[in-house]
There are 2 protein chains.
Amino acid sequence: MAASQVQDEAFVTLATNDSYSYGALVLAHSLRAVGTTRKLAILITPNVTSRMRQLLSDVFDSITQVDPLDSHDEANLALLTRPELGITFSKLHCWRLTQYNKCVFMDADALVLQNIDDLFEREELSAATDCGWPDCFNSGVFVFRPSEETYRGLLQCAVTQGSFDGGDQGLLNTYFSDWATKDISRHLPFIYNMTSSRAYSYLPAFVRYGDQVKVVHFIGIAKPWQFTYDTSSGMVLPHESMSSHHELTFIQAWWDIFVARVKPKLEAAQTAQTMSS
Amino acid sequence: MAASQVQDEAFVTLATNDSYSYGALVLAHSLRAVGTTRKLAILITPNVTSRMRQLLSDVFDSITQVDPLDSHDEANLALLTRPELGITFSKLHCWRLTQYNKCVFMDADALVLQNIDDLFEREELSAATDCGWPDCFNSGVFVFRPSEETYRGLLQCAVTQGSFDGGDQGLLNTYFSDWATKDISRHLPFIYNMTSSRAYSYLPAFVRYGDQVKVVHFIGIAKPWQFTYDTSSGMVLPHESMSSHHELTFIQAWWDIFVARVKPKLEAAQTAQTMSS
Ligand SMILES: O=c1ccn([C@@H]2O[C@H](COP(=O)(O)OP(=O)(O)O)[C@@H](O)[C@H]2O)c(=O)[nH]1
Ligand SMILES: O=c1ccn([C@@H]2O[C@H](COP(=O)(O)OP(=O)(O)O)[C@@H](O)[C@H]2O)c(=O)[nH]1
Ligand SMILES: [Mn+2]
Ligand SMILES: [Mn+2]
């Protein structure tokens, strides 16, 4: 632990299974690589394996097991074409981390490219625009203040109003409904949550602002850990689901961290397991 | 002219040819249909035909001919895959309409569904987020104050800094560069400039907020007037470029106005022309 580490502020992520844990590991290593002075915390659910918990504990300062929360809202999730995302309600548990004064939640499919500790100067609820409907914020990166009261309020909102997309994002946008109109300082610049397909949507803007990107967020069904990495060349193989070579570059950056920081430990753990069995 | 018409405020659009003039006509009729109390003004370039000017004069309060301005920026326009958009620099002429105190510029490919006169309560430069890169605003709908000084400043900016996308949007975002961070009241809700393909991107949000949409903006290469309308059924034919049946519904709404308000006059003008030749 660095001497200058801030004790009461943390980056928080979530993994409900081993796949998303790969994302969480790379995210955490990317935060360490840019020299964050904040704690790293993760919420996991019971079915994350003990081998994975071991790997997580190498890089996270704290691991908190939580009960899975699921919206079970099949109708709205179908609109999103993401039936699996009801489980993202588990994210709400982050408000219960009251040992911290302020936190930044980050999805496990995010990758940090430049230091973002300045996010802790922002107030709850700060988030970047969701490109799908820009009066909503994207819930992949947000600044919040842990509070049991807010947690209860969110659960109450889930029961009374539900989530319009069946996932955490619809619920959080309903609860923090003044985000779009109230305070510009709650609007994080897009470079703090750059959804990786954007390079394609408005390429001139990407060419102009792309080098300022601090966080890439791999939204959608195709996650970085699902692509094929060629160990001999050290390159991710292009895939038709990628919108541009820029997206490939970001996925490559994810794998570079995975191969350097996660894979060796994974292999060591595997060897240990083989030897002990 | 309605007795209650506000004399010093106007909606302004632009058409550099007869095709976009179809858009401008439908836009103007859609504004009349929702009972705007503001003036309707259009900028045209010399190659809009005299027959078209006649039709425009039926619905617009004023027609101003301007010299075409073109960025001639082939490199950046290629990034946008829209080589034709250099001409949108002509939009800058709107700042010279100093007979008005405040204006709302609207692209000719926009369609008004509900009254938006409340936009005149906003200040320059108010605009909605561009979904392609949400720290930029979309220049299809914006509130501005005509001013020769601003016009000169914009031309100066075009010469010294250029437009990062080769069109007006890149330039305006460079000139009004504090839009993203300065004042939340300059951020128009997305319902004032709903790009028609958004229904597809985040369908649950569209289902939730879609009935609040006040302005649909048909961005991209496929404009409403380019689709096929079946006169016998009164229906627009679906086309593979449409992202969803919601998009089809909006294009149908465009054609409903075109057929009711523009086509009869077009045919009358054609008959008159045939008779006089
Ligand atoms: O099965 C799942 C699905 C999601 N998540 C967590 O919830 C976040 C949001 O889901 P996802 O990133 O897949 O949604 P998207 O960003 O694609 O909308 C993930 O990043 C994970 O932190 C998880 O742990 N398990
Ligand atoms: O050849 C052209 C291209 C554009 N425009 C005007 O410039 C606006 C912006 O262009 P467009 O709407 O095609 O851009 P998009 O919204 O698709 O980015 C149009 O709505 C018209 O008002 C025009 O008059 N002639
Ligand atoms: Mn995500
Ligand atoms: Mn347009």
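Note: hydrogens, waters and symmetry copies are ignored here, and every other heavy atom, side chains too, is used. A note on names: the letters A, B, ... follow the listed sequences, proteins ahead of strands, and every chain is numbered from 1. The structure presented is a predicted model; accordingly, all values stated were derived computationally and were not measured.
Counting heavy-atom pairs under 4.5 Å between each of Ile191(A), Asn173(A), Thr129(A) and chain B puts Thr129(A) at the top.
Contact detail for Gly132(B) and Ser201(A): the closest heavy-atom pair is CA-CB, 3.9 Å. Here the shortest heavy-atom pairing between Ile184(A) and Ala180(B) reads CD1-O, 3.4 Å. Residues Gly170(A) and Tyr202(B) come closest through the heavy atom pair N-OH, 4.2 Å.
Contacts between residues 74-82 of chain B and chain A, counted as heavy-atom pairs separated by less than 4.5 Å, involve Asn76(B), Leu79(B), Leu80(B). Contacts between residues 207-215 of chain A and chain B, counted as heavy-atom pairs separated by less than 4.5 Å, involve Val207(A), Arg208(A), Tyr209(A), Val213(A).
Taking Pro238(B) as the reference, Leu248(B) meet the side chain to side chain contact (heavy atoms under 4.5 Å, CB included) condition, with sequence neighbours excluded.
Going from atom CG of Asp135(B) over to atom OH of Tyr192(A) covers 10.5 Å, rounded to the nearest 0.5 Å. Separating the CZ atom in Phe164(B) from the CG atom in Leu203(A) is a distance of 11.5 Å, to the nearest 0.5 Å.
Interface remark: Ala205(B) contributes backbone and side-chain atoms alike to the contact with chain A (heavy atom separation under 4.5 Å). Only the backbone of Asp183(B) comes within contact range of chain A, with at least one heavy atom under 4.5 Å from a heavy atom of that chain.
Note on residues 107-120 of chain A: pairs passing salt bridge (charged side-chain N to carboxylate O under 4.0 Å, His left out), not counting sequence neighbours, are Arg38(A)-Asp117(A), Lys91(A)-Asp107(A), Asp109(A)-Lys223(A).
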